Amino acid sequence: MAGPTDLAFDPWDPAFVADPYPAYAALRARGRVIRYEPTDQWLVPHHADVSALLRDRRLGRSYRHRFGHEEFGRTPPPPEHEPFHTLNDHGMLDLEPPDHTRIRRLVSKAFTPRTVERLKPYVEALADELVAGLVRDGGGDLLTDVAEPLPVAVIAEMLGIPEADRGQLRPWSADICGMYELNPSKETAARAVRASVEFSAYLRELIAARREEPGEDLVSGLIAAHDEGDRLTEQEMISTAVLLLNAGHEATVNATVNGWWALFRNPDQLAALRADHSLVPSAVEELMRYDTPLQLFERWVLDDIELDGTTIPRGAEVALLFGSANHDPAVFADPGRLDLARADNPHISFSAGIHYCIGAPLARIELAASMTALLRRAPALALVAEPERKPNFVIRGLSGLRVEVG
C-alpha cells in the first residue's frame, strides 16, 4: 500500500496541487493501478484504463441500488450530513439505472443539439456584454467578471431562476462542491450541509411557484413531465436542479481561468490564437486537456474486477485520475506541451459512459463564446499578477485571475 511518503501523489500538498502532472507521470510509470492508503482508494492513472472503467458496469457512482452500507462493507455517513446526502444522492450523477436512465431521459430534452444551438446567440451576447464591461474598466478579475457570471446566468436562465436570486447560487454551489474533495474536513462538511438545506428550501419554493404559474424553463418542464406520468419526485427535481447548476458552471468557470492562465504561460500559443481565431474550437479542447478542471472521478466496485493482474474487490473505491489520463503519452504526443492545433485529442474531461456530461455541448459553446469575445474585444489582454491556485485538488481552479486589457 502506498502513502504520501513513497508516492509523489499527495493531494494535500500545495506543491502537488500547483502542478500534479509530474507526479502523474511517476504514477503511470509505477503501474496501472496503485493502492493509496490515505484515501482508501485504488488510483488508476492510464488513459486506456480510465476510459474503459468509466464504461464498465461492474463499477458505479453509487452502490445503494444493490447493497446496504454494512452489506457493502461501508460505514453509513454521519446523521448530521443527511441533508447533503439526500440532495446529492437523488441527482442523476450519483444514481444508477433504472433511476439514472429515467431522469437523464427527461433532462436530456433540454440539452439536445437543437436546443443548445438555440441558446448560442444568448450565450454569445452575454459573453460579449461581460467582456465589454471588463474592457470599460480597463481590466479586472477574469474569474468574477467573466468566467463565473456567464455559465451561472445561462444555467439559471434555463432553470428559470429569477435574476434577483442568482447571487446566492455560486456560494451555495461552492460550499456543496467542497464535499467532493478527498477526506473533507468537518468545517467543509458543515458548510455543505448548510448550503444543501438552504438551496433545497429555495428550490421547493421555486417549484411551488412554477406549479402555480408554469414558464418555459426546465423546472416547469420537469413538473409537467411528472404530471404527465413520468415519475419524478420533488426531491429528484430539487437534486436535478442543483446538479445542473453545479455541474453546469463549476467546470466551465475553472476551465476558463485555467485555460487563460495556461495561455499566458505559453505566449507562442496565445499569439497563434490571436492571429487565427479559427483555432478557438480546438483551443477549447486542448485547454481542457492540458489543465483538466476535474482531476479525479470516483467509482465504487460493485463486482470484483481485475486490472493488470491485481484483483480489486467488491466494496473498494477506485479513483480515476482524469488529469493523469489527459497527459498519458500513450495517447497524446508530447502531452506536456500546449498545442492549440492538436488534431487528435480524445481527452476525457467530460467523462464517458452513461455518466458522460450531459451539458458538454453547452459548456463548449460557453467556453468558445467567452474566448472569442476576449480575443476580439481585448486583443492585448495581459496578466497583472501571478494567480493563486485554490487549495482544492479534485476540482481544480484559481482563486482569481487579474488582467488588464492594454
Side-chain angles (χ1 to χ4, degrees), residues 108-163 166-167 169-170 215-218 244-264 269-270 272-288 293 340-341 345 349-350 357-381 397 401 403 405-406:
S108 65
K109 296 174 184 177
F111 290 92
T112 64
R114 181 179 298 178
T115 305
V116 171
E117 194 62 28
R118 282 204 301 265
L119 281 170
K120 193 173 181 179
Y122 168 73
V123 174
E124 291 176 341
L126 181 55
D128 199 62
E129 178 186 327
L130 292 168
V131 173
L134 184 78
V135 171
R136 279 195 305 272
D137 294 339
D141 186 348
L142 196 61
L143 176 72
T144 57
D145 294 346
V146 177
E148 283 184 349
L150 176 62
V152 171
V154 172
I155 198 66
E157 188 75 16
M158 293 180 72
L159 289 168
I161 294 176
E163 196 165 341
R166 294 176 186 178
L169 302 180
R170 177 66 175 164
E216 298 297 317
D217 53 85
L218 181 54
L244 291 175
L245 175 80
N246 292 351
H249 83 276
E250 198 71 42
T252 307
V253 170
N254 292 321
T256 301
V257 291
N258 288 349
W260 277 96
W261 173 222
L263 288 170
F264 289 136
Q269 292 299 294
L270 179 53
L273 184 60
R274 284 170 169 161
D276 182 4
H277 293 187
S278 71
L279 283 172
V280 165
S282 62
V284 166
E285 303 302 320
E286 174 67 350
L287 290 167
M288 289 201 70
L340 300 186
N345 195 348
S349 300
F350 289 118
C357 177
I358 198 170
L362 179 59
R364 288 183 165 109
I365 286 174
E366 291 170 345
L367 291 165
S370 65
M371 181 177 288
T372 300
L374 285 162
L375 291 170
R376 189 177 67 251
R377 284 189 172 270
L381 192 72
L401 192 64
V403 295
V405 299

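We use all heavy atoms of the structure for the numbers below, so side chains are in, but hydrogens, waters and symmetry mates are not. None of the values given here were measured: they were computed from a predicted structure.
- Applying the side-chain hydrogen bond (donor to acceptor under 3.5 Å, both in side chains) rule to R274 yields no partners; only residues at least two apart in sequence or on another chain are considered.
- In this view, N345 and E285, E286, R289, F332, R342, H347 satisfy the side chain to side chain contact (heavy atoms under 4.5 Å, CB included) rule, not counting sequence neighbours.
- Under the 4.5 Å side-chain criterion, counting only non-hydrogen atoms from C-beta, W260 is not in contact with V403.
- At least one side-chain heavy atom of L134 sits less than 4.5 Å from a side-chain heavy atom of L374.
- Closest non-hydrogen pair, L287 versus G259, comes out as CD2-O, 3.6 Å.
- The side-chain hydrogen bond (donor to acceptor under 3.5 Å, both in side chains) contacts involving residues 117-126 comprise nothing, where partners must be two or more places apart or lie in separate chains.
- Under the side-chain hydrogen bond (donor to acceptor under 3.5 Å, both in side chains) criterion, N246 pairs with S173, not counting sequence neighbours.
- One distance of note links CG of N254 with CE of M288; it measures 10.0 Å at 0.5 Å rounding.
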Test I365 against V116 for side chain to side chain contact (heavy atoms under 4.5 Å, CB included), laying out the working first. CA-CA 8 Å; I365 286 174; V116 171; 3.3 Å; yes
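- Expressed to the nearest 0.5 Å, how far CG of L244 lies from NE2 of H249 amounts to 12.0 Å.
- Between V405 and A378, the shortest heavy-atom contact is CG1-CB, 4.2 Å.
- Residues satisfying the side-chain hydrogen bond (donor to acceptor under 3.5 Å, both in side chains) test with T112, not counting sequence neighbours, are T115.
- Inter-residue side-chain proximity for D217 and L159 is flagged as unmet; no heavy-atom pair is nearer than 4.5 Å.
- Side chains of S370 and V131 form no contact here, defined as non-hydrogen atoms less than 4.5 Å apart.
- Residue pairs meeting the salt bridge (charged side-chain N to carboxylate O under 4.0 Å, His left out) criterion with at least one member in residues 149-162, sequence neighbours excluded, are E157-R166.
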Taking only distance into account, with no hydrogens and no angle test, what donor-acceptor pairs under 3.5 Å do side-chain atoms of residues 139-155 form with protein atoms, sequence neighbours excluded?
unit_1 : atom_1 : unit_2 : atom_2 : d
D141   : OD1    : L143   : N      : 2.9
D141   : OD1    : L401   : N      : 2.9
D145   : OD2    : D141   : N      : 3.2
E148   : OE2    : R170   : NE     : 3.0
E148   : OE2    : R170   : NH2    : 3.3

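- The side chain to side chain contact (heavy atoms under 4.5 Å, CB included) check on A272 picks up L279, with sequence neighbours excluded.
- Within the structure, every pair that satisfies the salt bridge (charged side-chain N to carboxylate O under 4.0 Å, His left out) test and touches residues 127-138, not counting sequence neighbours, is listed here: D128-R376, D128-R377.
- We find the CG-CG distance between L340 and L263 to be 6.0 Å, quoted to the nearest 0.5 Å.
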